[in-house]
Amino acid sequence: MNRDFYSKLVFELSQPGRKGYKIPDNHLPEVKLPENLRRTSKLELPEVDEPSVVRHYNNMSTNNFGVDSGFYPLGSCTMKYNPKINEEVAAHQAFTSLHPATPDKAVQGALELYYTLQCALSEIGGMAEFTLNPYAGAHGELTGLLVIKAYHNSRGDVKRTKVIVPDSAHGTNPASAAVAGYEIIEVKSRPDGTVDVEDLKPLLDDTVAAVMMTNPNTLGIFEKNIPEIASLVHAAGALLYYDGANLNPMLGMARPGDMGFDVMHINLHKTFSTPHGGGGPGAGPVGVRAGLQQFLPNPRVVKNSDGSFSVVTDEKSLGSISAHLGNFAVEARALTYILSLGKQGLKEAGKLATLNANYVKESLKDVYCLPIEGVCKHEFVFDGLADKSTGVTTLNVAKRLLDHGYHAPTIYFPLLFHESLMIEPTETESLQTLDEFIAVMRDIAREAKETPDVVKNAPLNTPISHPDDTEAALHPIVNYTELTEL
């Protein structure tokens, strides 16, 4: 294969006899492994010197796109910039050297961090108490649903086997409910993107355990009928669950608990700026209204009357859902972010997220199809290009953006529109960045009319130009041997 140094795999850089290490001499006796534990074939490892290894991984890193590389308007994911002070705090030796099994009295500082974050999230969400144990948003959803199940079971109300989910919901909502053992019932959306209350009413009966909602919803539209929905849900004996994926624009402006939500999760890696994407890291703390605290998972961090902190368990709890107390480093970053901004700063973050989204939407709606007019919150959805006559698709637009150094927005989600293009600029992007992005989006719309093949063949200047997406998904090349056979 003719591949340059910058795109070669480490196995392609390998040369027999090269070494980038030296194992220190020792005086320990040689130990021979039993025959049944020995390899029967040669261990295939690359043989490379240290400079080649360093250059290889540095070159590979330049092919990876992250929020520190450029604008990342990934709708529904809130890819905001992560302030580096968050990283400094999370990497502090006093935190990184801790062991989860250390006695409470020896880790009072870490437990105070947990407790302080629990209290901060409770205030932000309007909830009575939070657990930090879940490892991710979907894990938080499952935990919240298990809290709801534990609540109903504690009352002997075991016939509630259904969870209602809007048709615009994140895919994790029905998935989490199914994993929790519930039957999924779909409620339709109105033309304005909000939940159809009239469609919801006949679905509510004594078999419904909960209704899951996101506010603002997946279209970035604020659900104005939440008080009525909450009243209907509670009248039916069910609980109302808040998916916190879109909490960002609500910061300091509105609290789910005040709207009537009983249980919620927060994606710390979205709303509170831990790096997100590529598989992690994440955290999905779950909050509950008063009366549900005892069902939160074990263990819990509490503050004692003498001001000290302890890790406790509760026999009424739903049990354990993680190894210990969640992803500590993610929680340290989140608390640093919250304390750095303070109450007023968080409120400004919510406002700016909304302002930025509306600015981009209004600047592009003449060349991209906007199916729902009006003020959005943190994100919005186009239905592809306004002019679809040349056959340029949302996928083509997304790939052309890569040529201009931008990560593509979320595409083909939500499923309410055929050519969905979901954009979330977040509050951390400057007016200059937004204007440059708008200019590129308008230029792509112009190319789609004048030179559509340029857009259809994009990306043109990325390390991999125009792969067959279907082939790559159906027949992925997952090891070096397969690559050498091409």
Side-chain angles (χ1 to χ4, degrees), residues 65-82 137 168-173 193 214-223 243-251 253-254 266-278 282 337 346 348-365 368-384 394 397-398 401-402 404-417 419-438 440-441 444:
F65 194 96
V67 73
D68 287 353
S69 306
F71 185 33
Y72 212 129
L74 197 62
S76 195
C77 286
T78 314
M79 293 293 293
K80 66 171 70 176
Y81 173 74
N82 179 55
S168 65
H170 295 103
T172 52
N173 285 186
T214 308
N215 195 24
N217 61 29
T218 309
L219 297 172
I221 306 297
F222 187 84
E223 296 275 359
D243 178 346
N246 295 345
L247 182 66
N248 207 47
M250 309 282 278
L251 295 176
M253 303 301 296
I266 294 177
N267 297 67
L268 291 188
H269 48 286
K270 293 184 180 185
T271 308
F272 299 114
S273 84
T274 290
H276 164 258
Y337 182 76
L346 289 175
E348 289 301 310
K351 289 180 178 180
L352 286 172
T354 300
L355 177 63
N356 283 355
N358 280 277
Y359 179 71
V360 175
K361 170 175 65 71
E362 293 298 312
S363 300
L364 292 173
K365 69 179 186 179
Y368 290 86
C369 177
L370 182 65
I372 299 177
E373 288 279 359
V375 176
C376 66
K377 293 303 175 185
H378 64 305
E379 65 188 4
F380 59 93
V381 181
F382 286 133
D383 188 8
T394 283
V397 172
L401 272 170
L402 304 181
H404 293 275
Y406 295 106
H407 193 284
T410 297
I411 59 174
Y412 299 114
F413 177 80
L415 303 178
L416 297 176
F417 311 119
E419 288 288 325
S420 288
L421 185 73
M422 186 189 229
I423 299 173
E424 181 181 1
T426 80
E427 74 278 9
T428 57
E429 299 301 335
S430 67
L431 178 61
Q432 179 184 0
T433 297
L434 298 184
D435 282 340
E436 291 171 351
F437 175 73
I438 290 166
V440 167
M441 287 288 285
I444 293 173

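The first residue of the sequence shown is numbered 1, and numbering continues consecutively from there.
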Novice: Between the side chain of Thr410 and the main-chain N/O of Gly75, is any donor-acceptor distance below 3.5 Å?
Specialist: yes

Novice: So, Asn215 side chain and Phe222 main chain: donor-acceptor pair closer than 3.5 Å or not?
Specialist: no

Novice: Tell me whether Thr218 contacts the main-chain N or O of Ser168 through its side chain, where contact means a donor paired with an acceptor under 3.5 Å.
Specialist: yes

Novice: How far does SG of Cys77 sit from CE of Met422, to the nearest 0.5 angstrom?
Specialist: 8.5 Å

Novice: Can Ile221 and Phe380 be said to form a side-chain contact (heavy atoms from CB on, under 4.5 Å), step by step?
Specialist: CA-CA 8 Å; Ile221 306 297; Phe380 59 93; over 6 Å; no

Novice: Taking the side chain as every heavy atom from C-beta outward, state whether Tyr337 and Lys80 have any pair of such atoms under 4.5 Å apart.
Specialist: yes

Novice: For Ser76, does its backbone N or O pair with a side-chain atom of Asn246 as donor and acceptor, under 3.5 Å?
Specialist: no

Novice: Would you give the length of the straight line joining atom CG of Leu247 to atom CD1 of Ile266, rounded to the nearest 0.5 angstrom?
Specialist: 5.5 Å

Novice: Mind checking whether Asn358 and Val375 have side chains closer than 4.5 Å, heavy atoms only?
Specialist: yes

Novice: Distance-only, no hydrogens or angles: does the Asp243 side chain make a donor-acceptor pair with backbone N or O of Ala245 under 3.5 Å?
Specialist: yes

Novice: Would you check if the side chain of Ser420 reaches a backbone N or O of Leu416 as a donor-acceptor pair within less than 3.5 Å?
Specialist: no

Novice: For the side chain of Glu419 and the backbone of Thr394, is there at least one donor-acceptor N/O pair under 3.5 Å apart?
Specialist: yes

Novice: Looking at every heavy atom in both His407 and Leu74, which two are closest together, and how far apart are they?
Specialist: CE1-CD1, 3.9 Å

Novice: Here's a test for you: under side-chain contact (heavy atoms from CB on, under 4.5 Å), which of Leu434, Ile423, Leu401 qualifies with Pro73?
Specialist: Ile423

Novice: Who are the side-chain hydrogen bond (donor to acceptor under 3.5 Å, both in side chains) partners of Asn82, not counting sequence neighbours?
Specialist: Asn86, Glu87, Ser273

Novice: One pair to check against side-chain contact (heavy atoms from CB on, under 4.5 Å): Leu421 and Phe413. What are the steps and the verdict?
Specialist: CA-CA 7 Å; Leu421 185 73; Phe413 177 80; over 6 Å; no

Novice: Test side-chain contact (heavy atoms from CB on, under 4.5 Å) on Phe272 and Leu346 and set out the steps.
Specialist: CA-CA 10 Å; Phe272 299 114; Leu346 289 175; 4.2 Å; yes

Novice: Can you tell me if Tyr81 and Glu429 form a side-chain donor-acceptor pair at under 3.5 Å?
Specialist: no

Novice: Against Asn248, only a single residue in Glu427, Lys270, Glu424 fulfils side chain to side chain donor-acceptor pair (under 3.5 Å); can you say which?
Specialist: Glu427

Novice: Do Tyr368 and Val397 have side chains that get closer than 4.5 Å, going by heavy atoms?
Specialist: yes

Novice: Can you tell me which residue pairs pass the salt bridge (Lys or Arg N to Asp or Glu O under 4.0 Å) test with a partner in residues 369-379, sequence neighbours excluded?
Specialist: Lys365-Glu373

Novice: Could you go through Phe417 and Leu219, starting from their C-alpha distance and side-chain angles, then the distance that decides it, and tell me whether this counts as side-chain contact (heavy atoms from CB on, under 4.5 Å)?
Specialist: CA-CA 10 Å; Phe417 311 119; Leu219 297 172; 3.6 Å; yes

Novice: Between Phe437 and Tyr406, what is the ring plane arrangement, given parallel below 30°, perpendicular above 60°, and tilted in between?
Specialist: perpendicular

Novice: Mind checking whether Tyr72 and Thr78 have side chains closer than 4.5 Å, heavy atoms only?
Specialist: no

Novice: Looking only at heavy atoms, which two atoms of Asn267 and Gly244 are closest? And how far apart?
Specialist: OD1-C, 3.7 Å

Novice: Look only at the side chain of Asn356 and the backbone of Thr426, and say whether a donor-acceptor pair between them is shorter than 3.5 Å.
Specialist: yes

Novice: Check whether any side-chain heavy atom of Pro216 lies under 4.5 Å from a side-chain heavy atom of Cys376, and answer yes or no.
Specialist: no

Novice: Please check: side-chain N/O of Asn173 versus main-chain N/O of Ala169, any donor-acceptor pairing under 3.5 Å?
Specialist: no

Novice: Side chain of Ser363, backbone of Tyr359: donor and acceptor closer than 3.5 Å?
Specialist: yes

